[in-house]
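To start, the structure under review is shown below, and the notes come after it.
None of the values given here were measured: they were computed from a predicted structure.
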Amino acid sequence: MNQTKKLTILGSTGSIGTSTLDIVSKHPDKYSILSLVGGDNLELLSKQVLAFEPQLVVTRTQEGKEKLSALLSGKSSATLLWGQEGAEEAASLDENDVVVSAIVGSAGLRPTMKALEKGKVVALANKESMVVAGALMNRKAKESGATILPVDSEHSAIFQSLQGAETSSVKRLILTASGGPFFQQKEKDLSQVTRSEALNHPNWSMGAKITIDSATMMNKGLEVIEAFWLFGLPVKQINVIVHPQSIVHSMVEYVDGSTLAQLGIPDMRGPIAYALSYPERLANVVDPVNFAKVGTLTFFEPDHERFPSVSLAMEALECSETHPAVLNGANEVTVQAFLEEQIGFLDIVKINREVLHRYPGGEKDTLKDFLSADTWGRNEATRLITK
């Protein structure tokens with residue numbers, strides 16, 4: 001009889017975390033929850049604790065820990081911790097079989113690094129970790145024997161399409177992009193884009209930050225950076241193509257001219273389940289694609305002149321190991337400034353580019369070095385915005 005895999009979920013109250021727990025609830029013979037690291041939705045976290053009975057639960061703040069304790073009111077024997085140290089302890093537990101890294105932003109980097117240092121399987125849904133410190137994460141994984149399994153739908157698609165292949169047989173990786181709200185509005189004057197227009201994604205309802213990243217196509221630039229570190233191919237072998245239907249999640253083109261693609265309805269439970277069950281597959285995770293109903297799949301070359309973020313991300317990769325962290329930090333600040341209507345839509349990429357070009361480079365040996373580069377990007381972007 002197979003033992004159940006013990007999971008820690010970093011970011012259990014977010015969309016990836018709740019989808020992961022949905023899968024776990026349907027496969028109690030395969031998975032159990034060792035620890036949960038939640039955000040500020042304490043009502044939801046308390047329900048998760050009672051449903052899945054973890055040994056350890058971590059809240060973001062000390063106040064949150066006290067509120068959670070009151071909500072549980074003796075109904076759980078779980079140890080309660082809070083803050084960054086608590087998250088790192090959860091990620092470091094010896095009993096962990098898989099650590100699901102789904103804390104949004106660079107806050108997820110330290111606990112993810114702890115899991116890698118302990119040699120764990122990390123199901124990586126936090127793209128900022130790999131964008132900010134991909135080089136260091138790869139070094140830590142190699143040293144400890146840890147495994148990084150991608151959960152982003154595009155990177156999961158590439159990972160699935162690479163199974164059984166030698167790197168030497170791969171010609172290029174092709175990341176698909178929805179194109180965001182403006183790609184097919186060729187006559188749209190992007191300098192006049194409003195906050196509400198940029199937040200009106202044609203396909204998805206997402207958080208504000210990622211929706212703006214989709215509009216500028218910076219989300220795809222960050223995914224190029226993540227793919228570079230995950231799959232070890234040169235930048236010139238990573239391409240982007242616009243695919244508005246979002247059925248083909250990404251593709252791998254081989255040297256013999258054949259292309260393997262992973263297709264599916266847009267549902268994050270698919271890539272999450274594959275990371276949890278790899279190298280096997282769980283049954284009946286998502287509905288299959290009804291190709292007759294879909295009818296047509298279309299593809300377009302990206303417009304790098306109107307949407308230069310992908311090119312900027314590739315430039316960052318070619319500069320140094322810490323330049324992507326600078327770009328990530330700057331982009332966090334410029335997107336927030338646009339959302340607060342301090343800058344225009346085109347200023348996001350303009351300032352990101354200027355910050356990247358101003359960066360003098362830095363050390364790349366420790367996590368502090370990579371986080372310092374991220375902070376440098378944030379500070380320089382803030383200075384340029386206020387100037």
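Enclosure of atom CD in Gln84 by more than 12 non-hydrogen atoms of other residues, nucleotides or ligands within 6.0 angstrom is indicated. In the displayed structure, Ile210 atom CD1 is contacted under 6.0 Å by at most 12 heavy atoms of other residues, nucleotides or ligands. Surrounding CD of Glu305 are at most 12 heavy atoms belonging to other residues, nucleotides or ligands under 6.0 Å away. Within a 6.0 Å sphere centred on CD of Gln163, other residues, nucleotides and ligands contribute more than 12 heavy atoms. The local environment of NZ in Lys188 is crowded, with over 12 non-hydrogen atoms from other residues, nucleotides or ligands closer than 6.0 Å. Within 6.0 Å of atom CD in Glu85, 12 or fewer heavy atoms from other residues, nucleotides or ligands are found, so the atom counts as exposed in its surroundings. For Asn284, the CG atom is loosely surrounded, since the number of other residues' heavy atoms within 6.0 Å does not exceed 12.
In this structure, the side chains of Leu56 and Thr8 stay at 4.5 Å or more apart for every pair of heavy atoms. Glu89 places a side-chain heavy atom less than 4.5 Å from the side chain of Leu81. Using a 4.5 Å cut-off on side-chain heavy atoms (C-beta onward), Pro302 and Val310 make no contact. By the 4.5 Å heavy-atom criterion applied to side chains, Leu339 and Arg195 are counted as neighbours. Residues Val248 and Phe299 form a side-chain contact, since some pair of their non-hydrogen atoms from C-beta on lies under 4.5 Å apart. Under the 4.5 Å side-chain criterion, counting only non-hydrogen atoms from C-beta, Leu282 is in contact with Lys30. Counting heavy atoms from C-beta on, the side chains of Leu175 and Ile238 come closer than 4.5 Å. Inter-residue side-chain proximity for Leu149 and Val121 is flagged as met; some heavy-atom pair is nearer than 4.5 Å.
Distance CG/Leu80 to CG/Leu36: 11.0 Å, rounded to 0.5 Å. Rounding to the nearest 0.5 angstrom, the gap separating the OG atom in Ser161 from the NE2 atom in His249 is 10.5 Å. Thr322 contributes atom OG1, which lies 7.5 Å from atom NZ of Lys364 (distance to the nearest 0.5 angstrom). Rounding to the nearest 0.5 angstrom, the gap separating the CZ atom in Arg378 from the CD atom in Gln336 is 10.5 Å. Glu226 contributes atom CD, which lies 5.5 Å from atom CG of Leu124 (distance to the nearest 0.5 angstrom). Taking NZ of Lys65 as the start and CG of Leu45 as the end, the distance is 13.5 Å to the nearest 0.5 Å.
No donor-acceptor pair under 3.5 Å is formed between the side chain of Glu280 and the backbone N or O of Ser277. The closest donor-acceptor contact from the side chain of Thr4 to the backbone of Asp29 lies at 3.5 Å or more, if one exists at all. The main-chain N or O of Gly14 is never found under 3.5 Å from a side-chain atom of Asn41 such that the two would form a donor-acceptor pair. Although no hydrogens or angles enter the test, the distance criterion places a donor-acceptor pair under 3.5 Å between the side chain of His243 and the main chain of Thr298. For the pair Asp152 (side chain) and Glu154 (backbone), a donor-acceptor distance under 3.5 Å is absent. Without hydrogens or angle criteria, Ser144 side chain to Leu116 main chain gives a donor-acceptor distance under 3.5 Å. No donor-acceptor pair under 3.5 Å is formed between the side chain of Lys140 and the backbone N or O of Met113.
Here salt bridge (Lys or Arg N to Asp or Glu O under 4.0 Å) pairs that include residues 343-363, with residues two or more places apart or in two chains, are Glu354-Arg358, Arg358-Glu380.
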Next item on the list: Under the side chain to side chain donor-acceptor pair (under 3.5 Å) rule, what do Asn352 and Thr334 come out as? Steps first, then yes or no, please.
Entry: CA-CA 7 Å; Asn352 287 348; Thr334 53; 3.0 Å; yes
Check: Going through the distances and angles, do Lys127 and Ile225 end up as a side-chain contact (heavy atoms from CB on, under 4.5 Å)?
Finding: CA-CA 9 Å; Lys127 70 161 58 78; Ile225 294 171; over 6 Å; no
Checklist line | Test log, rule side chain to side chain donor-acceptor pair (under 3.5 Å), inputs Thr366 and Asp369 | finding: CA-CA 5 Å; Thr366 67; Asp369 295 334; 3.3 Å; yes
Note to self: Could you go through Ser15 and Met268, starting from their C-alpha distance and side-chain angles, then the distance that decides it, and tell me whether this counts as side-chain contact (heavy atoms from CB on, under 4.5 Å)?
What the structure shows: CA-CA 9 Å; Ser15 61; Met268 284 306 299; over 6 Å; no
Checklist line | Lys209 and Asn331: CA distance, side-chain angles, deciding distance, side-chain contact (heavy atoms from CB on, under 4.5 Å) verdict | finding: CA-CA 10 Å; Lys209 162 65 165 59; Asn331 186 64; 3.6 Å; yes
Check: What's the verdict on side-chain contact (heavy atoms from CB on, under 4.5 Å) for Val355 and Leu327, showing C-alpha distance, side-chain angles and the deciding distance?
Finding: CA-CA 7 Å; Val355 170; Leu327 180 61; over 6 Å; no
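Across Leu233 and Thr167, no two heavy atoms sit closer than the pair CD1-CG2, 3.8 Å. Across all their heavy atoms, Lys120 and Leu93 have their closest contact at CE-O, 3.5 Å. In terms of heavy-atom proximity, Val289 sits nearest to Val294 at CG1-CG2, 3.9 Å. Of all heavy-atom pairs between Val326 and Ala373, the closest is CG2-O, 3.4 Å. Across all their heavy atoms, Ile247 and Ile265 have their closest contact at CD1-CA, 4.5 Å. Heavy-atom minimum distance, Phe370 versus Leu136: CE1-CB, 3.7 Å.
Relative to the six-membered ring of Phe183, Lys186 meets both conditions, a distance below 6.0 Å and an angle of at most 45° to the axis.
A salt bridge is defined here as a Lys NZ or Arg NE, NH1 or NH2 lying under 4.0 Å from an Asp or Glu carboxylate O, and Glu63 with Lys67 meets this definition. We find that Glu321 and Arg139 are joined by a salt bridge, their nearest charged nitrogen and carboxylate oxygen being less than 4.0 Å apart.
Transitive grouping of hydrophobic side chains (ILVMFWY, heavy atoms separated by less than 4.5 Å) brings Ile23 and Ile9 into a common cluster. Both Phe307 and Ile348 are assigned to one and the same hydrophobic cluster, defined by single-linkage of ILVMFWY side chains at heavy-atom distances under 4.5 Å. The hydrophobic cluster containing Val131 also contains Val235, counting ILVMFWY residues as joined when their side-chain heavy atoms lie under 4.5 angstrom apart, directly or transitively. Under a hydrophobic-cluster definition in which Ile, Leu, Val, Met, Phe, Trp and Tyr are linked whenever side-chain heavy atoms come within less than 4.5 Å, directly or via other members, Val99 and Tyr278 are assigned to different clusters. Residues Phe52 and Leu34 do not share a hydrophobic cluster, defined by chaining ILVMFWY side chains whose heavy atoms lie under 4.5 Å apart.
No side-chain donor from either of Ser19 and Asp22 sits under 3.5 Å from a side-chain acceptor of the other. Between the side chains of Gln160 and Ser156, at least one donor-acceptor pair of N or O atoms lies under 3.5 Å. Counting only N and O atoms by type, the side chains of Glu315 and His323 include no donor and acceptor under 3.5 Å apart.
The only member of Leu173, Leu230, Ile148 that meets side-chain contact (heavy atoms from CB on, under 4.5 Å) when paired with His155 is Leu230.
Apart from Trp82 itself, the hydrophobic cluster it occupies contains nothing, where clustering links Ile, Leu, Val, Met, Phe, Trp and Tyr at side-chain heavy-atom distances under 4.5 Å.
Using bins of under 30°, 30° to 60° and over 60° for the plane-to-plane angle, the ring pair Phe345/Phe338 lands in the perpendicular bin.
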